[in-house]
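By convention in this document, chain letters (A, B, ...) are assigned in the order of the sequence lines, proteins followed by strands, and residues within each chain are numbered from 1.
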Amino acid sequence: MKSKKLALLAGSIGLIVIVAVLPFVGACAPPAPEEFKPAPAPAPEAEPIKIGAIVNLTGPIADMGPRFVDGIELALDELNHQVAGRPIELIVEDAASNPTVALERFKKLHESDGVNLVIGPLMGDTHMAIAPYASEEEVLFASFINGAQQASIDYRVMLQYPTTCFAQEIAAGWYLYEELGYRTAVTMGSDYACGHDFINGAMYGFEEKGGIRLEQEIWAPIGTADFAPYMATLVEKDEADVFVVFLSSGEDAARFLMAYNQSGRDLPPVFELIVDVFTPQQYEDLADVVIGMHAQSTYLPLRDDPINNQFVEAFKAKYGRTPVIEQNSYTLLKVFAEALETTGGDDSFDVMWDAITERNFETPQGPLYFTYRGVAITDIYIAEVQRVGDEILPVLVKTYSGATADPFVPER
Amino acid sequence: MEFIISNLLNGLSFGMVLFLIAAGLSIIIGIMGIINLAHGALYMLGAYVGWTIAVHNGLNFWLAVVVGGLAAGLAGLFIERGFLRHLYKQMNEQVLLTFGFVYIITNVCLWIWGGQAKVPFTDPALSGSLNLAGLMYPKTRIVVISIGLALAVGLWWLQDKTRIGAMVRAGMDNKEMIMGLGINLGRISMFVFIFAAFIAGAAGVIGAQLWGVYSYMGLQTLLFALIIIIVGGVGSIQGALTGALLIGVIDAFGKALFPELAMFTMYIVMVVILIVRPSGLLGRKV
């Protein structure tokens with residue numbers, strides 16, 4: 001009986017490990033096998049244009065999924081759920097924070113639902129799992145928040161919005177050196193494809209200006225429960241000027257900041273890459289821990305701009321809160337819609353790709369265009385987290401215009 | 001020296017949360033022979049309820065600990081009386097049923113509290129650090145260590161020094177004999193299950209001081225608990241404590257000294273223990 005119990009315990013652990021670890025090993029998933037593809041039938045006039053959205057509604061980054069859906073739905077409301085004289089049908093799928101599941105959902109959207117345009121999913125390793133299939137089947141998809149650099153080097157099928165993970169942080173590295181006067185940096189990033197790209201991008205910009213990246217590099221697994229041991233080993237303020245941090249979700253970042261704040265050691269000041277991972281509620285809960293922190297962002301709700309102000313007001317009116325990452329999905333749906341208006345509702349890959357990459361967009365985030373390889377060129381913002389009225393939010397400190405070109409993605 | 005003490009305390013606090021999770025599960029497996037994979041989900045349920053009391057409603061943190069425990073205990077009563085009591089000695093069915101409850105409880109929590117994680121919270125009096133002979137250390141972690149130690153002593157006393165504990169231990173050794181003596185083992189099992197669920201729920205609120213609350217913690221904490229039980233041994237409070245502290249300290253030093261292996265350190269310990277001593281450090285020999 002005891003041995004059976006132990007066998008069941010070991011089996012249970014195996015089961016849980018499979019469920020818990022699969023999200024992080026999907027980058028190794030082989031390209032999808034070639035499958036039968038029915039010839040596309042010509043669409044009648046009244047037929048809806050189908051747009052898929054793959055979001056994470058479960059798993060370690062489940063907090064982001066509903067927020068992306070909110071952004072998409074606001075954009076659909078503004079479009080009256082129509083484009084090019086045809087209704088838009090949105091089909092939402094749950095990637096479960098798992099690249100393998102995301103790939104299956106992506107196939108389902110295309111093969112069963114007839115979708116040719118997909119917004120999402122999130123996570124660089126997921127993009128790498130999907131890109132071969134999407135490229136072969138010519139299904140255009142867009143990243144919610146950045147994507148793995150390699151996906152745009154190897155394939156021309158994904159819109160990297162607001163740019164690649166690597167390119168997003170280059171300007172942050174410049175800012176650390178030029179504006180904050182830091183000369184040495186230690187780093188900590190989430191241990192997955194884009195986590196490395198974010199940190200390496202920031203350090204690329206930092207070293208480009210003359211900064212020195214110290215040897216101490218910490219890579220924390222996504223979902224790390226306890227960050228205190230990392231804080232115990234981090235070099236102190238007199239050995240490094242700044243601690244550059246990227247953590248993939250607001251919950252990881254919140255746990256890290258609490259551990260950092262409670263360490264009792266004289267640690268270097270934190271510069272947070274992608275402050276957008278926090279929700280307004282998390283800012284409020286962290287309060288004094290985040291106020292005054294410098295951070296990088298591609299979208300700042302408080303940035304004074306007519307298009308942005310209009311978006312923020314509309315979002316607040318619909319959902320009663322301030323938008324952050326919701327802007328990304330809102331903008332991507334609007335990008336698809338604008339391009340579909342140009343193509344007269346034709347959603348085939350080549351036509352849509354040209355329509356998107358040959359025009360400029362005015363968005364709440366700022367001016368936007370996509371390169372031939374699909375990498376977005378946008379403004380990068382540096383912010384300081386401050387209390388503004390009743391809310392705690394990142395406030396614009398400096399703008400780097402059109403600073404998101406990726407030096408490692410070929411022009412053509 | 002500061003590095004060693006600091007990481008030792010980090011390991012102890014992490015280990016104590018693991019102990020709080022694993023202790024109840026270890027007893028359930030030991031006395032009732034039930035592999036309750038929903039234990040981590042009960043921990044999560046307690047944490048969410050505690051957050052509602054302490055943060056959302058701004059009430060006392062210790063009230064949140066009690067109410068979180070009661071909520072998990074109630075859920076435990078529902079699972080045990082409604083389902084598991086019909087599946088005694090059917091381990092495969094227990095595993096499938098309770099794993100299903102992980103998803104049910106997780107989704108219920110998602111519906112009620114949404115997907116956005118709650119940041120770590122505590123009693124206002126416990127924020128900040130204490131000066132321990134020159135080492136500044138967070139009060140919350142010292143409290144977690146103290147509660148864990150107190151509970152370990154209490155559970156040890158309950159299991160080894162009381163009549164009810166004797167009946168529980170006897171039930172682990174020979175159920176038929178105990179029932180033949182006229183002891184209602186079914187009722188004892190029910191109370192043990194509810195008590196273990198209560199501890200899990202209360203632990204969820206205590207652990208939220210370090211980890212916060214998030215929607216996938218049911219599976220994550222279950223995994224931790226099973227590793228502790230494998231390492232420490234089934235059905236033993238001392239085993240759960242030893243396993244939890246060992247894993248906690250090794251995880252802390254592993255992250256500090258070999259951060260690139262952080263994802264694997266506790267699994268390495270488990271594999272070594274399984275090879276060297278399959279019944280766990282303080283478990284009874286198979």
Next item on the list: Could you check which of A:Leu257, A:Asp226, A:Leu286 has the highest count of heavy-atom pairs closer than 4.5 Å to chain B?
Entry: A:Asp226
Checklist line | Between A:Ser263, A:Ala232, A:Ala254, the one whose heavy-atom pairs under 4.5 Å with chain B are most numerous | finding: A:Ala232
Notebook entry, point to check: Is chain A contacted by the side chain of B:Leu210, its backbone, both, or neither, given a heavy-atom distance below 4.5 Å?
Noted result: backbone
Item checked: Interface moiety of B:Thr106 toward chain A, non-hydrogen atoms closer than 4.5 Å -> neither
Checklist line | Check: B:Tyr214 ring centre within less than 6.0 Å of B:Tyr216 ring centre | finding: yes
Checklist line | Toward chain B, the part of A:Pro66 with a non-hydrogen atom under 4.5 Å | finding: neither
Check: What part of A:Leu57 lies closer than 4.5 angstrom to a heavy atom of chain B: side chain, backbone, both or neither?
Finding: backbone
Item checked: Passing option when B:Gln209 is tested against B:Thr140, B:Asp123, B:Thr122 for side-chain hydrogen bond (donor to acceptor under 3.5 Å, both in side chains) -> B:Thr122
Item checked: Sidechain-backbone polar pair: A:Arg213 side chain, A:Met203 backbone, donor-acceptor under 3.5 Å -> no
Item checked: Any donor-acceptor pair under 3.5 Å from B:Tyr137 side chain to B:Leu9 backbone -> yes
Check: Among B:Asn107, B:Val17, B:Val119, B:Val102, which has the most heavy-atom pairs under 4.5 Å with chain A?
Finding: B:Val119
Margin query: So that I can tick it off, tell me whether A:Arg67 and A:Asp70 are bridged by a salt bridge, with the cut-off set at under 4.0 angstrom between side-chain N and carboxylate O.
Written below: no
Notebook entry, point to check: Is a salt bridge present between A:Glu391 and A:Arg321, judged by a nitrogen-to-oxygen distance below 4.0 Å?
Noted result: no
